[in-house]
Amino acid sequence: MALPGSTGRRPGGLRSLLRRPGPARPPGGATAPDDEDMVTALYREYHRPLLAFVLRLTGGDRQWAEDVVQETMIRAWRSADRLDDRTSSLMPWLATVSRRIVIDHRRQREVRPPEVGDGPLENVPMADELDGLLRKVVVAEALESLSPAHRQALTETVLRDRTVNQAAEHLGIPVGTVKSRVYYALRALRVALEERGVTS
């Protein structure tokens with residue numbers, strides 16, 4: 001999966017980078033070179049989509065969202081040895097952790113007197129909307145994993161609601177090629193979604 005702004009995965013994927021053989025960290029709390037590589041790869045791969053997701057949870061409060069993303073990345077780093085190696089994407093796990101962090105922050109704020117009005121909280125999606133939002137993030141991530149030709153065929157036919165003939169004319173390719181690309185793109189998208197835990 002190559003997200004916008006990412007340079008693609010190294011052989012073995014991000015999952016192999018998250019596996020830390022031997023001691024987790026050197027004595028004294030210093031960051032080992034492997035840990036620095038892991039944190040860098042984690043940010044490069046997931047910072048943008050996670051920040052977009054968390055901004056919606058925080059009602060557009062960018063500073064709060066950045067704090068939540070940073071805390072989420074720290075938890076991913078600390079939990080690297082416990083994460084499921086069979087999972088191709090950490091986005092569902094990261095989204096769940098960040099949502100819990102936002103909920104915890106909100107609970108802490110409710111305990112003390114409000115600092116200012118609660119205007120931003122009025123825009124926070126409800127639980128049902130959060131599931132839909134997470135699903136959109138995962139689907140967008142899965143679409144990015146498709147080849148450009150397959151993604152383009154789906155964009156023209158499904159997202160822009162064009163007929164196969166219209167898509168073929170717009171793309172300047174034969175109708176049969178569009179049909180074939182849409183067919184294989186849907187198959188690849190289904191596999192990509194299943195790898196991310198979306199089964200229906």
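Values below: every heavy atom of this structure, side chains too, minus hydrogens, waters and symmetry copies.
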Can you check whether L50 reaches M73 side chain to side chain, under 4.5 Å on heavy atoms? yes

Can you name the closest pair of heavy atoms from H150 and L146 and give their distance? CB-CB, 4.4 Å

One should read off an interatomic distance between S147 OG and Q152 CD, to the nearest 0.5 angstrom, of 9.5 Å

Let me have the donor-acceptor pairs involving side chains of residues 173-191, under 3.5 Å, with sequence neighbours excluded, atom names and distances please.
none

For E169, does the CD atom have more than 12 heavy-atom neighbours from other residues, nucleotides or ligands under 6.0 Å away? no

Looking at L55, is its backbone amide N or carbonyl O close enough to the side chain of T58 to form a donor-acceptor pair, meaning the two atoms are under 3.5 Å apart? yes

What pairs with E156 under side-chain hydrogen bond (donor to acceptor under 3.5 Å, both in side chains), at least two apart in sequence or on another chain? R160, R162

Atom CD of E141 and atom CG of L193: how far apart are they, to the nearest 0.5 Å? 10.0 Å

Y46 side chain vs L90 backbone, donor-acceptor pair below 3.5 Å: yes

Could you check if a side-chain atom of E66 sits within less than 4.5 angstrom of a side-chain atom of V54, using non-hydrogen atoms only? no

Nearest 0.5 angstrom please: L57 CG to S98 OG, how far? 5.5 Å

Supply the atom-to-atom distance D104 CG to R100 CZ, rounded to the nearest 0.5 angstrom. 9.5 Å

Just do the side chain to side chain contact (heavy atoms under 4.5 Å, CB included) check on R75 and I101 with the steps written out, would you? CA-CA 10 Å; R75 291 188 188 185; I101 292 170; 3.5 Å; yes

Other ILVMFWY residues reachable from I103 by side-chain steps of under 4.5 Å: none

Distance check, rounded to the nearest 0.5 Å: H105 atom NE2 versus Q108 atom CD? 5.5 Å

Just how far is it from atom CZ of R99 to atom OG1 of T72, taken to the nearest 0.5 Å? 12.0 Å

Indicate the atoms forming the closest heavy-atom contact of Q70 with Y43, along with that distance. CA-OH, 3.5 Å

Closest contact, heavy atoms only, F53 versus M91: CB-CE, 4.3 Å

